[in-house]
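Inspection log for the structure reproduced underneath, given as structure tokens.
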Number of protein chains: 2
Amino acid sequence: MSHPVACCYLKTGRALMSTQRPDARQLPSRRIADDLRQAIETGELLPGARLPSERELAGQYGTARNTAREAIRLLTDEGLVIPEHGRGVFVRRESPLIRLGNDRYSHKYRESGLSPFLLECAKQGKTGRFEVLSIDQAQPSAEVARHLRLPMSEPSVLVRENVFYADQDPVHRVTTYIPWTIAEGTGLLNPEVGHPYGIHGILEERGHTMTRLRESVSARMPKPEETRYLHLPPAVPVLDVLHLSIDQDHNPYELTRFVMRADLTGLLYDTPIE
Amino acid sequence: MSHPVACCYLKTGRALMSTQRPDARQLPSRRIADDLRQAIETGELLPGARLPSERELAGQYGTARNTAREAIRLLTDEGLVIPEHGRGVFVRRESPLIRLGNDRYSHKYRESGLSPFLLECAKQGKTGRFEVLSIDQAQPSAEVARHLRLPMSEPSVLVRENVFYADQDPVHRVTTYIPWTIAEGTGLLNPEVGHPYGIHGILEERGHTMTRLRESVSARMPKPEETRYLHLPPAVPVLDVLHLSIDQDHNPYELTRFVMRADLTGLLYDTPIE
DNA sequence: GAGTGGTCTAGACCACCTA
DNA sequence: AGGTGGTCTAGACCACTCC
């Protein structure tokens, strides 16, 4: 954080960077961002520390406030820093990730009553819980019907919407689809049933025991709607996991989409080579 | 794309939004962004289509150019749109994902000579290939040593850096760590060995057959360095996968970090419930 | 009330692309 | 040459937070 008054502009705002190569880091906003990034990476600015204010940076570097602001935005987009309205800009703290393992469906957890999500939360001194947002009968999208191999004749599914919390933070948005023929007349329509994996006890009684799972994983930026649901800070991607349960007859019988905030949660797969 | 000249400012730039509630979408930049987002979502603006220029938008909405620009930035950060210098701002096209499956280490692919990465590329009419960036002997980080259970006495590892391409796009940056005691004297130091999974043939000859894998998956925004390596457009997160190979004696013997651009690649796990 | 980030104005010059 | 996005200036008022 040196470089006091490195003004390189003439009075009209005409820049002197004309002779520089195109992708130069000579741009004032990049220079400010680079200096701050380095201060963060070397530990000069520790997680949680406040950066100089935009007005201070502008003064130190002899630029307009907007230029300092642009530098902050670069760091924000990298996820290094988070601005808080009226308070300042702070170096982001990293949390250890709550990892959802593929063993979460294992029978070894069935008796404990605790789902691996709750176990992982507990490991990190957090309180896990979830809320049921909705339970409905609905027509599945083409994608859902395809994964569940639903015939055209009977395309109705049960849809459960849940949100998982770690302490106060919503971390997963979970949507589960079950063919109506399987869900019909069971406790699955009852919000009281502990969704996370309690539903699989019910599904076993209906003759579907999970013998395999198939999960496709991708990452993307959240939709505006997801930013609201999950209270996402800027520059936090989501993991988008499509989970399919396969029963003893090699038939899919349950599909769940997990949208997970990626700065607090991750995945873990431990599997044999076949 | 209606709203011509919706000017709501007095001469000094004083806004009339004082009486609005805080998080209002009444802000001019949000209004422009919302209109454009809707046009994209309804298909009025198809993938690949050019948006009105910043100056056009500013004129249409009666705002300064910077305000239209801010709207574009909001959409850019959502990954909906991509600005191209000198050409315009375009609605992003989505590619089908190349999925790396956990079966990529399966013996069934060993004979075919094709790695699943190459197979997936071929499925989508793309040409897969990879380049060896470097092969070195080095001291592992604490994290690498911990995963490979390296004793303090002999902490040296072989490090291979690779980049995978789909057509011209670099999509994975792959770093492999193998304990030096295992790698020593083998063909692993030779860049000619087809890395992807060819190294596992060599490791088998050294007495390590993969019987399990353990992969932890997370997503995050790329570091500036990764943005350069992978030629990442804005608002594209990376999948960060730490793969550990476990041999027939339940010992880890190979660790690989995959950094994958998430708009072109994903993961797929198909595993039994244990 | 003083300080902070958030949004906006109305200009300017630059680098890049296309014709 | 003319249009596009990229960066910057030097101001302004707003909303929020903390004292």
Measure from the side-chain heavy atoms of [X] and tell me the nearest of [options].
X     : options               : value
B:R87 : C:dT18, C:dA12, D:dC8 : C:dT18
B:R30 : D:dC13, C:dT7, C:dC13 : C:dT7
B:V89 : D:dG5, C:dG5, D:dA10  : D:dG5
A:S53 : D:dT9, C:dT9, C:dT4   : C:dT4

>> Can a side-chain donor-acceptor contact be found between B:T67 and B:S29 if the only test is distance below 3.5 angstrom?
In response: no
Using whole Å, report how far [atom1] of [X] lies from [atom2] of [N].
X     : N      : atom1 : atom2 : answer
B:F90 : D:dT4  : CZ    : P     : 11 Å
B:E56 : D:dG2  : CD    : P     : 17 Å
B:E70 : C:dA10 : CD    : P     : 17 Å
A:I82 : C:dG5  : CD1   : P     : 13 Å
B:R69 : D:dG6  : CZ    : P     : 5 Å
A:L57 : C:dT4  : CG    : P     : 11 Å
A:E54 : D:dC16 : CD    : P     : 17 Å
B:E84 : C:dT18 : CD    : P     : 9 Å

>> Counting C-beta onward and ignoring hydrogens, is there a side-chain heavy-atom pair between B:H172 and B:L100 closer than 4.5 Å?
In response: yes
>> Checking B:H147 against B:Y177 for the ring-ring contact (aromatic ring centres under 6.0 Å, His included) test, could you report, in this order, the C-alpha distance in whole Å, the side-chain angles of both residues, the deciding distance, and whether it holds?
In response: CA-CA 10 Å; B:H147 279 101; B:Y177 305 88; 9.9 Å; no
> Are the ring of A:H85 and the six-membered base ring of D:dA15 within the stacking cut-offs of under 5.5 Å and under 30°?
Replying inline: yes
> More 5' along DNA chain C: A:R50 or B:R55, using each one's nearest nucleotide?
Replying inline: A:R50
>> Which is more 5' along DNA chain D, the nucleotide nearest B:R73 or the one nearest A:R65? Just name the residue.
In response: B:R73
> Between B:R129 and B:E131, is the closest basic N to carboxylate O distance under 4.0 Å?
Replying inline: yes
> Which heavy atom of B:R104 sits nearest a heavy atom of B:H243, and at what distance?
Replying inline: NH2-ND1, 4.0 Å
> Does C:dC8 have OP1 or OP2 sitting under 4.0 Å from an N or O in the side chain of B:T63?
Replying inline: no
